[in-house]
**Student:** 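If you scroll down you'll find the structure; I have some questions about it.
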Amino acid sequence: MKSFKRHLVTSALPYANGPVHIGHLAGVYVPSDIYTRYLRLRGEDVVSVCGSDEHGVPITLKARAEGVTPQDIVDKYHNIIKDAFAGLGISFDIYSRTSSPVHHQTASDFFRTLYDKGEFVEKYAMQYYDTEAGQFLADRYIVGTCPHCSNERAYGDQCEKCGTSLNATDLISPRSAITGSVPVMKETKHWYLPLDKHEAFLREWILEGHKEWKANVYGQCKSWLDLGLQPRAVSRDLDWGIPVPVEGAEGKVLYVWFDAPIGYISATKELTGDWEKYWKDPETKIVNFIGKDNIVFHCIMFPAMLRAHGGYVLPENVPANEFLNLENDKISTSRNWAVWLHEYLAEFPGKEDVLRYVLCANAPETKDNDFTWKDFQARNNNELVAVLGNFVNRAMVLTAKYYDGVVPAAGPLTDYDRDTLAELPGIRRSLEENLENFRFREALKDAMNIARLGNKYLADTEPWKLIKSDPERVPTILNVALQITSNIAIAIEPFMPFSAAKIMAMLSEDHFGWDRLGDSDLVAAGHRLGQAGLLFEKIEDEVIERQLQKLADTKKANSAAEAGKAAAPQKDTVSFDDFQKMDIRVATVIAAEKVAKTKKLLKLTIDTGIDRREIVSGIAEHYEPESLIGRQVLVLVNLAPRDLKGITSQGMILMAEDASGKLVLLSPSDKVASGATVG
RNA sequence: GGCGGGAUAGCUCAGCUGGUUAGAGCGCAUGAUUCAUAAUCAUGAGGUCCGGGGUUCAAGUCCCCGUCCCGCUACCA
């Protein structure tokens, strides 16, 4: 195993368009903090960096929607996120932000270096341009009528009403979201990072050099590499972000995924003048903690950027967790389906470690997991209170009662005493091995096993009986119990720093250090202990019910909003003449088959009464092809033909769609001849 | 549609390169105990290891087919 002089730990930059929730924490920040704290306790040279990711289109849209500037949005969430992390004891050495001047300069220089080295390829493309605003329009900045559901407020990348994702060129009567004017197609230039150029290197580096990466990470990288890498655009037409530092690139900024990972570098720079040794010395071990949704950026894109630049060390590991669900539903910022960290901290003061414990014990390390409030309560009451808190309390209270809070000197140890204490170094080895291999759930179990060991020891030795029958033996027992307690204080610190500090205060000790984990002489005989107190308290049902009620209210609010959407406002008045232009007919489906390599498309052959023709329709997820044959449907026959997957679609099958996006065919209630007009 | 990951006791998960009666924590049942926040300790019940084929002396573990969940990606009226 390679040994390193120092460590750099990065945690995925949270996107500053909303607060941080338990999914983020379980996936990235709790594990990265445990890892970092462990390294620090071992006395390693370690730096942990993070910060807010503040660029990109969604932030500009949120700003527009709220009538404020993008800077207002990111200022608001940056502060909420930063304070919340601090509140939970996430111990970044620096929590920076990508709107900082240092970052702008760093990212800009980085781009310029690659540009000067000729590491980019330039490509021209036709794109919508707003002549009034004088800028190119990102897909999200174009609104128009959805070709599917006729929603007039569909975006250039997606129709929010029917959920369909679109190309800007698909929109009927597109308009600029900025000025409302009609955009024109104009040629634009973008810079691409030719990932294909780095493919051979990445293949060797990951597939040969890092077989130890987690299965999900390794598998996804392999899949990308096997498919062959393509050049990827690293600039965007937008006015929010870091300007492309090249002549003639006005109105263009760095793609957010280009600038965000550079944020790790900028943050390190802000933290220390010595930043280069953490990024450029091969004796630094870099670990990037991320979620499974951005594996490709951290394992393919960012390493390619660093290599193209030259002089940088690549990550040694990129542990990516899966996702955490909440009460059986996907966590969603827009649907407000989440437990927000800042709200948790306000509603559960003093229970930071409970959340840290639950999220670590239940972390989605190998597959998606579910957070439930009932489980939260059970883990608190049955594990933290009953096992950990209880043992520490027993040791403290017994010592207070029998020896006035002074650590009694141990007499001769029995075999059982020795066997018990001999377990500690073994637990330490397991704990360390698990932490170093990013198995935090298992590692936490190891730490808890020390408390289990303590409870068993007391139950077996029964000092409360011996104090009457064999009082000579009791000092030894309590001395052992207090040594175990001290070991707990060390072992749980990476996971539950607040509780570790509480135990240290109860023991009236300042510092043991990780090196002494496993020792049996941590607290000295004659040492006076501090005041005993409870580490954890039970969480009552009412507290849990309140949280569940809160979520139920969210559900209610969401379905009310859904229903509101269903009753979409009436569209603008059309003239009778306009309506008459549409030729809607009853037609009969003659044949139906799935279009190869698509999920949603069916190719239908229909008899319109006028002719037989083919129509491609996106209903494959709602109807089996066989079930359609012979059915009568309504068809808009004079819609301009359109090519879809190489098939010319001559018309549109009319469908009804409910609020959930479910599509239903419309048919005449009695059989009518094909070709009958509708109107 | 392509690709990746996952599916193991009521719940949350271990099970490394195939090898004795499939493990842990929590929950449940019974017993012990009372120093401790009705906490603890012991014992036990509980599993067609997603379904179906196959390879092998031997498969939760390998291969093939399929189902469901999540992500990436393509395409999309």
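Each chain gets a letter, A, B and so on, in the order its sequence line appears, and its residues count up from 1. Given the structure is predicted, the values throughout are model-derived calculations rather than measurements.
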**Student:** Please enumerate all residues that pass side chain to side chain contact (heavy atoms under 4.5 Å, CB included) together with A/His298, with sequence neighbours excluded.
**Tutor:**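 By the side chain to side chain contact (heavy atoms under 4.5 Å, CB included) rule, A/His298 matches A/Trp257, A/Tyr264, A/Asn288, A/Ile290, A/Asn294, A/Val318.
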
**Student:** Is A/Lys214 touching bases, backbone alone, or none of the nucleic acid, heavy atoms closer than 4.0 Å?
**Tutor:**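 Here A/Lys214 touches no strand at all.
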
**Student:** Would you tabulate the nitrogen or oxygen pairs shorter than 3.5 Å linking the protein to nucleotides 27-30 of chain B?
**Tutor:**
{"unit_1": "B/G27", "atom_1": "OP1", "unit_2": "A/Asn382", "atom_2": "OD1", "d": "3.3"}
{"unit_1": "B/G27", "atom_1": "OP1", "unit_2": "A/Asn382", "atom_2": "ND2", "d": "3.3"}

**Student:** Check the phosphate of B/U8 against A/Lys367, side-chain N and O only, distance under 4.0 Å to OP1 or OP2. Yes or no?
**Tutor:**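 So the side chain of A/Lys367 is within the cut-off, an N or O lying under 4.0 Å from OP1 or OP2 of B/U8.
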
**Student:** Any salt bridge (Lys or Arg N to Asp or Glu O under 4.0 Å) pairs touching residues 470-481 of chain A, not counting sequence neighbours?
**Tutor:**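 Applying salt bridge (Lys or Arg N to Asp or Glu O under 4.0 Å) to every pair that reaches into residues 470-481 of chain A, excluding sequence neighbours, yields A/Asp417-A/Arg473.
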
**Student:** Decide whether a cation-pi geometry holds between A/Lys211 and A/Tyr218; the criteria are a distance under 6.0 Å from NZ or CZ to the six-membered ring centre and an angle within 45° of the ring axis.
**Tutor:** no

**Student:** Do the side-chain N or O atoms of A/Lys330 get closer than 4.0 angstrom to the phosphate oxygens (OP1, OP2) of B/G71?
**Tutor:**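 Checking B/G71 against A/Lys330, a side-chain N or O does come within under 4.0 Å of OP1 or OP2.
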
**Student:** Counting just side-chain N and O atoms, does A/Lys374 come under 4.0 Å of either OP1 or OP2 of B/C26?
**Tutor:**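 No.
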
**Student:** Mark yes or no for whether A/Arg379, through its side chain, and A/Leu359, through its backbone, hold a donor-acceptor pair below 3.5 Å.
**Tutor:** no

**Student:** Which residues in residues 391-398 of chain A have at least one heavy atom lying under 4.0 Å from any atom of RNA chain B?
**Tutor:** A/Asn393, A/Arg394, A/Val397, A/Leu398

**Student:** Counting only Watson-Crick pairs (N1-N3 plus N6-O4 or O6-N4) and G-U wobbles (N1-O2, O6-N3), all under 3.5 Å, who is the partner of B/G1?
**Tutor:**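 In the structure as shown, B/G1 has B/U73 as its Watson-Crick or wobble partner.
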
**Student:** Please confirm whether A/Phe376 and A/Phe348 have ring centers closer than 6.0 angstrom.
**Tutor:**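 Between A/Phe348 and A/Phe376, which both carry aromatic rings, the centre distance is below 6.0 Å.
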
**Student:** Salt bridge between A/Lys292 and A/Glu322, side-chain N to carboxylate O under 4.0 Å?
**Tutor:** yes

**Student:** State whether A/Arg439 and A/Glu442 are salt-bridged, where the test is any N-O pair (Lys NZ or Arg NE/NH1/NH2 against Asp/Glu carboxylate O) under 4.0 Å.
**Tutor:** no

**Student:** Would you mind telling me which of B/U73, B/U37, B/A39 lies closest to the side-chain atoms of A/Trp224?
**Tutor:** B/U73

**Student:** Does any nucleotide pair with B/U67 by Watson-Crick or G-U wobble geometry, both distances under 3.5 Å, and what is it?
**Tutor:**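 Base partner found: B/A7.
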
**Student:** Compare side-chain N and O positions of A/Lys538 against OP1 and OP2 of B/A38 and report whether any pair is under 4.0 Å apart.
**Tutor:**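 Indeed not, no polar side-chain atom of A/Lys538 lies that close.
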
**Student:** Which parts of residues 289-301 of chain A get close to RNA chain B, meaning a heavy atom less than 4.0 angstrom away?
**Tutor:** A/Lys292, A/Asp293

**Student:** Output yes when A/Asp226 and A/Arg203 qualify as a salt bridge under the 4.0 Å nitrogen-oxygen rule, no when they do not.
**Tutor:**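 A salt bridge is present here (some side-chain N lies under 4.0 Å from a carboxylate O).
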
**Student:** Can you list the residues that meet the side-chain hydrogen bond (donor to acceptor under 3.5 Å, both in side chains) rule with A/Glu537, with sequence neighbours excluded?
**Tutor:**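 side-chain hydrogen bond (donor to acceptor under 3.5 Å, both in side chains) check on A/Glu537 returns A/Lys351.
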
**Student:** Can you see if the side chain of A/Ser223 gets near the phosphate of B/G5 - specifically, an N or O under 4.0 Å from OP1 or OP2?
**Tutor:** no

**Student:** Answer yes or no: is there an ion pair linking A/Glu432 with A/Arg428, defined by an N-O contact shorter than 4.0 Å?
**Tutor:**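 So A/Glu432 pairs with A/Arg428 through a salt bridge.
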
**Student:** Pick base, sugar-phosphate or nothing for A/Glu365, based on heavy-atom distances below 4.0 Å to the nucleic acid.
**Tutor:** nothing

